Peer 1: 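Sharing a structure below in structure tokens format, with a few things to ask.
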There are 2 protein chains.
Amino acid sequence: MARTQGSHSDITGPRVRAAALRLFAQHGYAAVSMRQIAREVGVQVGALYNYTPDKQALLFSLLKGHMDDLLEEWQAEQRPEASRARLEAFVRFHIRFNLARPEAIFISYMELRNLTPENFAVIEALRKRYEGALEEILRDGQAEGAFSVPDTRLASYALIAMLTGVNTWYRAGGRLSIAEVADIYWDMVRKAVSADDATGAPQPA
Amino acid sequence: MARTQGSHSDITGPRVRAAALRLFAQHGYAAVSMRQIAREVGVQVGALYNYTPDKQALLFSLLKGHMDDLLEEWQAEQRPEASRARLEAFVRFHIRFNLARPEAIFISYMELRNLTPENFAVIEALRKRYEGALEEILRDGQAEGAFSVPDTRLASYALIAMLTGVNTWYRAGGRLSIAEVADIYWDMVRKAVSADDATGAPQPA
DNA sequence: GTCTATATCTGGATAGAC
DNA sequence: GTCTATCCAGATATAGAC
């Protein structure tokens, strides 16, 4: 910081992205100025334009990189398994992945409307691909009779929302480890998609 | 629109709030200018300041009014019933209430960080009161043996997130009515909090 | 690659006439 | 209560020296 001259292209680029990610997550894209980002990096504002053509491209690059990571890591997780095991893997992967990068997750949900229409379409397509993976698991399990999920589309929306919600309250160093949280959520998911005999009827106390 | 003079305090006030709600929901608080709001209402910018001391107060007023409505309507819904019936009432109320005012719900989640710390504390306290109502239902049901929810705090977060997520995909005039959506979500919630015998063991196909 | 300086624009908010 | 005009701060982005 407070450096006044010199060339550091190798490290400045990542620092610009890191600063933008942090500031966008904290204050919101529209509320963050290029001056703020420059100050955080420790350069003058003009220098930022060596690394991004404009502010919009910076946001898009962060979101695109995040979605690419997500799809790549989920691909690497794939095993040929029964639906129930695949669903459990999805639940645990989603929670673990999201909690490892809360800022990227946050801007991925909050800043979609600040993308240009073209950029939005790209991100949206990737998001649908990921969420489609969950729906496919539910469809397969329903077909096999492992789950009782009459509307797999709605169920996939419901489960994604529930799992993603972990990021709104989880704080590292709290009462529960990530694995414990995943255990509890998996238990709820497992029951939510299961067949039971209590439909409508009151349960025995 | 395009009107150039005259006094309309009785109607301009609500129109300012309506325009702000719509624009904040669509573009985000930070991205919307007072000039845009004025244009939407059909007045000049200076006139807005007859109805709000500043832009921040306008946002706070919208969020506060929304939370007051929410808590008031939920109170009116209360009946002395068994936990299971109270949970069902919560699920149906939450979905119905949220789908009736998507813009207010949207800014209530997206614009919290654009409140001043004092204003944020007020809204946050009201939100906690509402979410606490759900947790209380879960605690009661757990104590009565009607539910199997080891961690009522986490379960309340999970269910709230799942239910609130409806607003991200539901569109009026689509395949399902609000009541049908509520039926499907209630079915998942009911199972998620129920006791079952499949813990860990694979189910018969 | 970074700096300083600047062009150009838009923002929130206010003053005073009507 | 609304309008017009304006202040002033801050925004994105660029130009040209080093």
Side-chain angles (χ1 to χ4, degrees), chain A residues 1-24 26-62 107 111 113-116 118-119, chain B residues 1-24 26-63 107 111 113-119:
Chain A
M1 215 103 25
R3 191 177 38 74
T4 49
Q5 285 284 6
S7 171
H8 297 271
S9 71
D10 49 340
I11 60 167
T12 304
R15 280 170 56 78
V16 169
R17 293 171 57 84
L21 176 63
R22 201 187 74 74
L23 290 170
F24 290 166
Q26 185 168 5
H27 305 291
Y29 171 79
V32 171
S33 70
M34 295 298 272
R35 281 177 172 81
Q36 269 179 279
I37 298 172
R39 197 181 319 131
E40 178 104 350
V41 174
V43 296
Q44 293 301 313
V45 89
L48 296 182
Y49 292 86
N50 289 312
Y51 301 96
T52 180
D54 52 34
K55 193 183 168 190
Q56 166 72 204
L58 190 48
L59 174 62
F60 176 67
S61 164
L62 291 173
I107 67 170
E111 305 300 352
R113 63 176 156 188
N114 286 311
L115 293 171
T116 62
E118 301 75 28
N119 288 341
Chain B
M1 215 96 36
R3 190 176 40 73
T4 49
Q5 285 285 6
S7 170
H8 297 271
S9 72
D10 49 340
I11 60 167
T12 305
R15 278 169 58 79
V16 169
R17 292 171 57 84
L21 176 64
R22 199 187 76 74
L23 290 170
F24 290 167
Q26 184 167 8
H27 305 291
Y29 172 80
V32 171
S33 70
M34 295 298 273
R35 283 173 171 83
Q36 267 180 281
I37 298 172
R39 197 182 318 133
E40 178 103 350
V41 175
V43 296
Q44 292 302 314
V45 125
L48 295 182
Y49 290 87
N50 290 312
Y51 302 96
T52 181
D54 53 33
K55 192 183 169 190
Q56 165 72 202
L58 190 49
L59 175 62
F60 176 67
S61 164
L62 291 172
L63 295 187
I107 68 170
E111 303 300 351
R113 64 176 156 187
N114 286 310
L115 292 171
T116 62
E118 302 76 26
N119 287 342

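So that the names make sense, note that chain A is the first sequence line, chain B the second, and so on, each numbered from 1. Remember, predicted model here, so these are calculated numbers, not experimental data.
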Peer 1: Would you say A/Gln44 places a side-chain N or O within less than 4.0 Å of OP1 or OP2 belonging to C/dT4?
Peer 2: yes
Peer 1: Give the rounded distance in Å between these two atoms: CD of B/Gln36 and P of C/dG11.
Peer 2: 7 Å
Peer 1: Looking at side-chain heavy atoms only, is the closest gap between A/Tyr29 and A/Ile107 below 4.5 Å?
Peer 2: no
Peer 1: What is the distance, rounded to the nearest whole Å, between atom CD of B/Gln56 and atom P of C/dG11?
Peer 2: 18 Å
Peer 1: Is any side-chain N or O of B/Tyr51 closer than 4.0 Å to OP1 or OP2 of D/dT2?
Peer 2: yes
Peer 1: So, A/Arg113 and B/Glu111, do they make that salt bridge, N to O below 4.0 Å?
Peer 2: yes
Peer 1: Counting distance alone, no hydrogens or angles: does the base of D/dG10 have a donor or acceptor under 3.5 Å from a partner atom on the side chain of A/Arg35?
Peer 2: no
Peer 1: Whole angstrom is fine here: how far is it from NZ in A/Lys55 over to P in D/dA13?
Peer 2: 8 Å
Peer 1: Please give me the minimum heavy-atom distance between A/Thr12 and A/Tyr51, naming the atom from each residue.
Peer 2: CB-OH, 3.4 Å
Peer 1: Is the phosphate of C/dG11 approached by B/Ser33 (side-chain N or O, under 4.0 Å from OP1 or OP2)?
Peer 2: yes
Peer 1: So, is A/Thr12 close to the C/dT2 phosphate, meaning a side-chain N or O under 4.0 Å from OP1 or OP2?
Peer 2: yes
Peer 1: Quick one: B/Asn50 CG to D/dT2 C1', roughly how many Å, whole number?
Peer 2: 7 Å
Peer 1: To the nearest angstrom, how far is A/His27 atom NE2 from D/dA11 atom C1'?
Peer 2: 16 Å
Peer 1: Tell me, please, which residues at least two apart from A/Ser61 pass side chain to side chain donor-acceptor pair (under 3.5 Å).
Peer 2: A/Arg17
Peer 1: Could you please name the option among D/dC3, D/dT12, C/dG12 that lies closest to any side-chain atom of B/Tyr49?
Peer 2: C/dG12
Peer 1: Taking CZ from A/Arg39 and P from C/dC3, how many angstroms apart are they, rounded to a whole number?
Peer 2: 14 Å
Peer 1: Go through the steps for A/Phe24 and A/Ile37 under the test side-chain contact (heavy atoms from CB on, under 4.5 Å), then give the verdict.
Peer 2: CA-CA 9 Å; A/Phe24 290 166; A/Ile37 298 172; 4.1 Å; yes
Peer 1: CZ of A/Arg15 versus C1' of C/dG1: gap in Å, rounded?
Peer 2: 15 Å
Peer 1: Over how many whole Å does the gap from A/Leu48 atom CG to D/dT12 atom P extend?
Peer 2: 10 Å
Peer 1: Assign each of A/Gly46 and B/Ala47 to its nearest nucleotide of DNA chain D by heavy atoms, then name whichever residue's nucleotide is nearer the 5' end.
Peer 2: B/Ala47
